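Nothing fancy with the numbering, it's 1 onward along the sequence. Computed from a predicted model, the values in this text were never measured in an experiment.
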Amino acid sequence: MIDTTLLWTAVYIAMLAAFTGYVVISRVPVILHTPLMSGSNFIHGIVLVGALVALGLATTPLEQAIGFIAVVLGAANVTGGYVVTERILQMFNRSGKNQKEGGLK
């Protein structure tokens, strides 16, 4: 059985992490969003590897279910981060023929 003190400590830490993340991200200037997004994609990739390791070491069905959910959510987070970063970078590209032809006129 899980100790209630340990459970409440974990919940408290998760709430503090969520609040801190929200405050930090809400104060980031727009110009820094793309570089930070690329850096966070790297970190999410590490989280995905950790989730895969945890799933590989899981022994009980509950651990396996939690590990599977962690892998699915981690993969979705990494994929979504790269999609958003790509869309942001496309906003800075020039549109029109010049880019397709590879030359500047």
Check: Which residues satisfy the side chain to side chain donor-acceptor pair (under 3.5 Å) test with Glu63, sequence neighbours excluded?
Finding: Thr59
Notebook entry, point to check: Rounded to the nearest 0.5 Å, how far apart are CD1 of Ile13 and CH2 of Trp8?
Noted result: 13.5 Å
Item checked: Thr9 to Thr5 - nearest heavy-atom pair and separation -> OG1-O, 2.7 Å
Notebook entry, point to check: Among all residues two or more places apart in sequence or in another chain, which pass the side-chain contact (heavy atoms from CB on, under 4.5 Å) test with Val23?
Noted result: Phe19, Arg27
Next item on the list: Measure the spacing between CG of Leu55 and CD1 of Ile66 and express it to the nearest 0.5 Å.
Entry: 11.0 Å
Check: How far does CD1 of Ile43 sit from CG of Asn77, to the nearest 0.5 angstrom?
Finding: 11.0 Å
Check: Of all residues at least two apart in sequence or in a different chain, which pass the side-chain contact (heavy atoms from CB on, under 4.5 Å) check with Ala51?
Finding: Ala70, Val71
Notebook entry, point to check: Should Val11 and Met15 be marked as a side-chain contact (heavy atoms from CB on, under 4.5 Å) after you check the CA-CA gap, both sets of side-chain angles, and the distance that decides it?
Noted result: CA-CA 6 Å; Val11 169; Met15 288 173 52; 4.0 Å; yes
Notebook entry, point to check: With Leu16, which residues qualify under side-chain contact (heavy atoms from CB on, under 4.5 Å), at least two apart?
Noted result: Tyr12
